[in-house]
Each structure stands twice: as structure tokens, then as C-alpha cells.
Amino acid sequence: MTARTRVKQALSEGRPGEALLLKGWARTVRTGKGVTFISLNDGSTLAGIQVVAEPELANYAEVAALGTGSALTVTGVLQESPAAGQELELKALSVEVVGAADQEYPMQKKRHSFEYLRTIAHMRMRSNTFGAVFRVRSALAQEVHRFFAERGFLYVHTPIITANDCEGAGELFRVTTLDLDNPPRLEGEIDFAQDFFAKATGLTVSGQLEGELFAQAFSDIYTFGPTFRAENSNTARHAAEFWMIEPEMAFADLSDDADLAEAFLKRLCRFALDNCDEDMRFFNAQIDKGLVERIEGVAQASFARMDYGEAIERLKKAPVSFQFPVEWGLDLQSEHERYLTEQVVGGPVFIMNYPKDIKAFYMRLNDDGRTVAAMDLLVPKVGEIIGGSQREERLEPLIGRMREVGIEPDSLSWYLDTRRWGSTPHAGFGLGFERLIMYLTGMENIRDVIPFPRTPRHAEF
RNA sequence: UCCCCAUUAGCUCAGUCGGUAGAGCGGGUGACUGUUAAUCACCAUGUCCGUGGUUCGAGUCCGCGAUGGGGAGCCA
């Protein structure tokens, strides 16, 4: 009985009469005249195990007075519980107080608001909701890697520090070692030639361009790493630091790209339902009543595909009035996306082939000359969850597009080189990992699905 | 960044017509042989976000500021 058993294993595999050593934290302590019940949780599972402590314990007085949050080592014998509420419980033979918690412990045996828990983000993962969120987050991250590994995708670590600031994907956080009080100047401008990298650099806003380079050697690749945007966005869906998944496939077109996105999202839905079922049932009961049904629907659905042009026609014929105008050439607003996936299709739908003027320079120009091979995957309740495209693999059209949008081709010469030598049709997409977690858990604020959220004016912990 | 709303006990909130503040939970003490966010009894707890103003008198009305939340834009 020297080896520690995790609570999850004790509850799922333990048998009455088995002697166990458990370590964890007290979630609740209930004391009666002759018995004390402790709900012990070690993070391995949502449900704690009930520890039964009786006055024979040498330190019973100490145990009976334990506060919520205390860290304990408990030895005991597993037994069938005579009371309702749990099948198994641990009759304690010894309870060692490893780390006491006094009455100032900030989490009480009651429901707290997410806003309050954000102010104690260093403690909140000891609560039911955040325990479940971060277990699911971890399990899904591992499943993302399994999904791509099974398909032969190479996992590439693209740079965090980059000098690309011309993708138009968002504001860059500056990385510098220059003296901010007295930066070197050349003709009035800050002289980045004297900076650490001898040029202006920042934190990456996307690994896509480097990912494309790797796809031209390994065929199928993906990135999964931190991404940074210095936008002053104050919404429930934006963070300054988040994790993004970006697969890229050589010898692939837009249809292949949509096939991959569909298989990917369905796989993660299926996985969450099957392998995180206890936490998912908790979310379904406490956070979002229709969650399991909705995720089950996506896992089984065949995703529809619709051209942007058709989407515009459908929206124009819609018997509802939108706040924003619907016109060919305008971007779809959130209300339009929700209508298409919820009312028109009633399930996940890819909107494909958008007007070139509302999309990025690297997207492949279609034969009609006015649309590009872009796609957005829309799902009920949230709208866009995945955005991707086939990339422009032809050198001259790519240079032309760069000039149109004001990007100096020489500044991305290495990117253009892939179009010079052995260029292939290729495609990929991007998925914000936190938005996936929000979708799969029903949590409505991105600050509640990332351990220590970084948003404007916030970099605590 | 823009618009709207909020800020009262440790937490979640109530506070009427402007008259000097309350509940539940949590905490403390006690009771209870098996509880399940235990129950019961008693006890304690306030810079009413800050600041300036109106008023005999401001938690309450007005201005400014801070912080939080929701929405928008941008996007992942």
C-alpha cells in the first residue's frame, strides 16, 4: 500500500476491501458527532471520493476541523457506501494533513461567478467547472496530435519570433531589446538595424507562411502553438495570446481542405463525447443544456457545402431582416453566418469561394477572376469556427495580388521561392484552439477556457 | 476603440418616494451516529468603487474617473 492511487482509478477500478493510499485536496468537509466526511479530489476526475473519518483516528480533532482546500494524504480501505450518493468510499485509517487551508480559502462550497473566479485564476482550477475545462482542454490537445499523426502529418514548430508583419492578419506585439527610454534613431525613425535581430521583429500572428514552406517538403504538415495578436479587442471571443492549429497539405485543393476540416471537427466532437463523458455530462447539466445533443449532431452530420454566391442569394431571400446589408462583395456578418448554418442548412456548412477583395492575398484566384478559393466552416450557435483556403501556387498571379494589396514582393522572397521551384497546388486552414474548446464545452468566454488569459490590460499570474 | 449596463458584508444579491443598510450562502461557537452545496440554534462582519457637486440630509440624484460585464468592429 505504498504506491499512490489516483481518485479516478480508485472509483473506476477499486474493489471493496482494497487498501489504498490517496492524495488530494478536500473539496468539502462535513462533520457530525461521530463521523466526518471529506470529499477528496486530486484532479484526475470530476467526482471526488468520499473519505470517512471516525474518532478512532489519532488526530480526529484536527481532521474534523479541516477547512475546504486542505491538502491531504489518506490511507484506508475501500468499502461499499451504506448511504446514497456514491457506490464506494474510503474508510480512513490515517489522514495526514500535508498542507492546511484556513477559513480565508477563497473558494467556498457554493457557486461562484466566472467573473469572480477569473480574479483568482491561480485557484479556480480547483473548482468543478474549471477542473472539467482544463481536463477537456488537455485531452483534446492530445487528440489533435493523434488525429494528425495517424494521417501522416508532420508536426512543425514554426517560429514564435518573426519579422513578418505584412500578412495583414493582425497587430504585432513588438519584440525588442532596444532601450525604450532612448532608442537609436536614423533620420528620425527608430533604427531597428541596431536591435537584437538587426530588424524589426514581433511575436507571430500565424505560422501559416512557414507552414506552407514545410508542406512543400513533407506534403502534409500542421502547426499547433501559441499565437499573439496585439489588437485592442475586448470581447468574449478574443485573447492576445491563444493557441492555433494550422494544417497545410501539398497536392491538395479546396475540396481536399474541406474534407480534412470536416473529418477533423467530427473526430474531436466524437472524442469529447466518448472520452470526456463525465466532464461533458457536467457541462451539459450545468453550463449549456443542449450541448451534448448539439455536439452529437455535428459528429454525425454530413457537412453541407455552399458557394458564397449562393449564400448571398439565400440571405437575400431570407424572410428575416438583418442589421447589416447583404450584397455580393460584402463580407458575411455574424448574424448572416448564424442564419445560414442554423436556419438554411440546420447543421455545419462550408461557405466557399469568396470575393477576392475581402480575403487575403495568398488565396488562390479562381478562373472567374473575381473570387478566391477560400472557405469558412460555420456551425450552429457560434458561426465561423474554421477558416481556410487553397493557396495561390502560381508565381505571377501571386505577385500580382501582393502588388494589388500593397505588399512588396521582395519582402517575402522566400515565400515566393516555393512558387519558383517545385510549386504544388496546396491548401490549409486555421482553427483557434480556445474557440474549439468553447464550442465543445459550452463555455461562453474565451477567458474561461485558457489557464491565464491575456487580454487588453490583463497579464496577471 | 465605440455603445450600453453594473459596482452595497468574504461570495451572490436586495435596498421602495433622498431620512444614516439587509437577506441567503460562507465564517465562528454549540447541537446532531452516515452526511451529500448536510441540518438546527446563536454570534460577528460594511471606506455602500473613488472623487467632486446638489441637498437640512445621498447607497439612492448629477458630473468626472476607475474597474467589471454585455454588444459592435476586427478576427482565430
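Proteins come first, then strands; the chains are lettered A, B, ... in the order of their sequence lines, and each starts at number 1. As the structure is a computational prediction, the values presented were derived from the model and not from experiment.
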Can you say whether a donor on the side chain of [X] sits under 3.5 Å from an acceptor on the base of [N], or the other way round?
X	N	answer
A/S81	B/rG34	yes
A/Q86	B/rU35	yes
A/H112	B/rC11	no
A/S233	B/rC75	no
A/Q108	B/rG10	yes
A/Q50	B/rU35	yes

Would you mind telling me which of B/rC74, B/rA37, B/rG70 lies closest to the side-chain atoms of A/H238?
B/rC74

Out of B/rG27, B/rA72, B/rU35, which nucleotide sits closest to the side chain of A/A83?
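For A/A83, the side-chain atoms sit closest to B/rU35.
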
Can you label the angle between the A/Y339 ring and the A/F322 ring as parallel, tilted or perpendicular, going by 30° and 60°?
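A/Y339 and A/F322: perpendicular rings.
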
With under 30° as parallel and over 60° as perpendicular, where do the rings of A/F264 and A/F429 fit, or are they tilted in between?
tilted

Nucleotide [N], atom [atom2] - distance to [atom1] of [X] in whole Å:
X	N	atom1	atom2	answer
A/E337	B/rC74	CD	P	11 Å
A/F324	B/rG71	CZ	C1'	10 Å
A/I446	B/rG70	CD1	P	12 Å
A/Q333	B/rG73	CD	C1'	8 Å

Tell me which of A/D331 and A/R457 sits closer to the 5' end of RNA chain B, going by the nucleotide each one is nearest to.
A/R457

Residue mapping more 5' on RNA chain B - nearest nucleotide basis, A/N232 or A/E54:
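Going by which nucleotide is closer to the 5' end, it is A/N232.
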
Identify the nucleotide, in any strand shown, that forms a Watson-Crick or G-U wobble pair with [N], with both distances under 3.5 Å; if there is none, say none.
N	value
B/rA72	B/rU1
B/rG63	B/rU51
B/rA21	none

Check whether any side-chain N or O of A/Y308 sits under 3.5 Å from a backbone N or O of A/G329 as a donor-acceptor pair, and report yes or no.
yes

A/N445 side chain near B/rG70 phosphate (N/O to OP1/OP2, under 4.0 Å)
yes

Any ion pair linking A/D253 and A/R391 (charged N to carboxylate O, less than 4.0 Å)?
no

Pick base, sugar-phosphate or nothing for A/S113, based on heavy-atom distances below 4.0 Å to the nucleic acid.
sugar-phosphate

